[in-house]
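Numbered from 1 within each chain, the chains take letters A, B, ... in sequence-line order. Keep in mind that what you see is a predicted model, and the values were worked out from it rather than measured.
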Number of protein chains: 2
Amino acid sequence: MAKPANRSRDAYHVGNLAPQLLAAARTLLEEVGPTKLSLRAVSERVGVSATAAYHHFQNRNELISHLAAQGFAELAAALQRACSNGSGLDRVRAGSLAYLHFARSNPALYQLMFSPEFTDEALIPALQRERLAAFGELKRMVAETLGQALDSSDVRKASVAAWSYIHGLTSLVIHGLLPGAADNSDEHFVERTLEGFAALAISCTTQIK
Amino acid sequence: MAKPANRSRDAYHVGNLAPQLLAAARTLLEEVGPTKLSLRAVSERVGVSATAAYHHFQNRNELISHLAAQGFAELAAALQRACSNGSGLDRVRAGSLAYLHFARSNPALYQLMFSPEFTDEALIPALQRERLAAFGELKRMVAETLGQALDSSDVRKASVAAWSYIHGLTSLVIHGLLPGAADNSDEHFVERTLEGFAALAISCTTQIK
DNA sequence: ACCTGAACACCGTTCAAGT
DNA sequence: ACCTGAACACCGTTCAAGT
């Protein structure tokens, strides 16, 4: 009996409650959606009083901030795994696919990551850090594609452009604004939009002449 | 005294409560943010009981759905006004600017328009309709830019690409994920991202050869 | 140090009752 | 037809009290 007080239904709970709360919240999040995740329900699922969470997090916002930070960390990892050795376009394709696939596999988490609740004031350090890490991964991919330095002007501009594109596509797909969002594959959306950009680019450059 | 019961503080209220509720909700929305808009606060601001709204809307979701529909209608109108006669690139610029400017002028409304609360199941007809109208306006602009028919394959693909880009950029700016989001102008963001796309496009096409 | 229970101020929503 | 008031089930959060 190395661990005596293991998962008892008694009054007092053992330690390491914070990770248990986060894990329960992560599960509940995808069950009830990003707007209906309640601290009370999370506590109840863990089997702890409604107010226990306040000894590990300042408030609900801090708990879901950690969830969002976790999401950005996983997104960064997914992007890192997606680094391909192909041509410039293949790299863009691979990164976009990894991004969209992560979000469609964790739709409520992805929506939470961009929740208006984090928009103003001070973010917790973890969220700020993982956000930057994820964007850094994206910048790295863009730098490799362009064959330029990470801090070059082109890489900075192209990174924001690339993030705008893939976040926008992902957001539209997840929110169901695109017809047949449920039926179509990640590849379908990425391929078609990349073709769309090509058509726009050609039209703009030829008209300039 | 053509209108006798005008804005009295008596128990019973005059008619046309629905538009009054919507107007109050629209104001409150930008004051408290998209996640904290409560039906009770809206009712109180209008000076009516907490349950009065239920005689004009099925529930909170239906009221904010009308708000979102209003947002899409105004976005469509803004895009329509932005139609420029310049080159292809100028048209893209003008449309993007109008889009971003509308969202930054109504940040809480824009976030509400893409709220996870509308993601699943059946939308109210008004929201569905105005969403399509706004996207239709965007399609029209893209069709003019490409010089192709509205229902052509290229226009459909390029429209989703363009919407992804501008919605993504807008979302990132509004949520404050881009450094210095408060300081920079709409023009700055649009110009820089368009340059970013150009850099990516050049890199991809030259590498293909 | 960690957790609970009662309490408070807020929600959305239902329903019987009032005019 | 339109509105109110009481009521219910849920929230987040504070705080004194328990181990």
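By the 4.0 Å N-to-carboxylate-O rule, B/Arg140 lies close enough to B/Glu144 to be salt-bridged with it.
When the C1' atom of D/dC11 is taken as reference, atom NZ of B/Lys36 falls 14 Å away, rounded to whole Å. Separating the CG atom of A/Leu28 from the C1' atom of D/dC11 is a distance of 14 Å, rounded to the nearest angstrom. Atom CG in B/Asn59 sits about 20 Å away from atom P in D/dA9, given to the nearest Å. Rounded to whole Å, atom C1' of D/dT13 lies 14 Å from atom CG of A/Leu63. Rounded to whole Å, the distance from CZ on A/Phe57 to C1' on D/dT14 is 19 Å. Whole-Å rounding puts the B/Asn16 CG to D/dA1 P distance at 18 Å. For B/Leu39 and D/dC10, the CG to P distance is 19 Å, given to the nearest whole Å.
Of the side-chain N and O atoms in B/His56, one or more sit less than 4.0 angstrom from OP1 or OP2 of D/dC3.
Between the side chain of A/Thr51 and the base of D/dG12, no donor-acceptor pair under 3.5 Å is found.
Residues satisfying the side chain to side chain donor-acceptor pair (under 3.5 Å) test with A/Glu31, not counting sequence neighbours, are A/Arg45. The side chain to side chain donor-acceptor pair (under 3.5 Å) search around B/Glu62 returns none, not counting sequence neighbours.
Of the candidate nucleotides D/dC3, C/dT4, C/dT14, C/dT14 has the atom nearest to the side chain of B/Tyr54.
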How does DNA chain D look in dot-bracket notation if pairs are Watson-Crick or G-U with both distances under 3.5 Å, crossing ones as [ ], other-strand ones as |? ||.|||||...|||||.||

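Nearer to the 5' terminus of DNA chain C, by closest-nucleotide assignment, is the contact made by B/Arg60 (compared with the other of B/Arg60 and B/His55). Remark on DNA chain D: of its neighbouring residues B/Ser49 and B/Arg40, the 5'-side contact belongs to B/Ser49, judged by nearest-heavy-atom nucleotide.
Between A/Met141 and A/Tyr99, the closest side-chain pair of non-hydrogen atoms is not below 4.5 Å. In this structure the side chain of B/Gln70 never reaches within 4.5 angstrom of the side chain of B/Glu130, judged on heavy atoms. Taking the side chain as every heavy atom from C-beta outward, B/Phe102 and B/Leu79 never approach each other to under 4.5 Å.
Looking at heavy-atom distances under 4.0 Å, B/Ser38 makes contact with sugar-phosphate atoms alone, never a base.
Under the 3.5 Å distance criterion, the side-chain polar atoms of B/Thr27 are matched with a main-chain donor or acceptor of B/Ala23.
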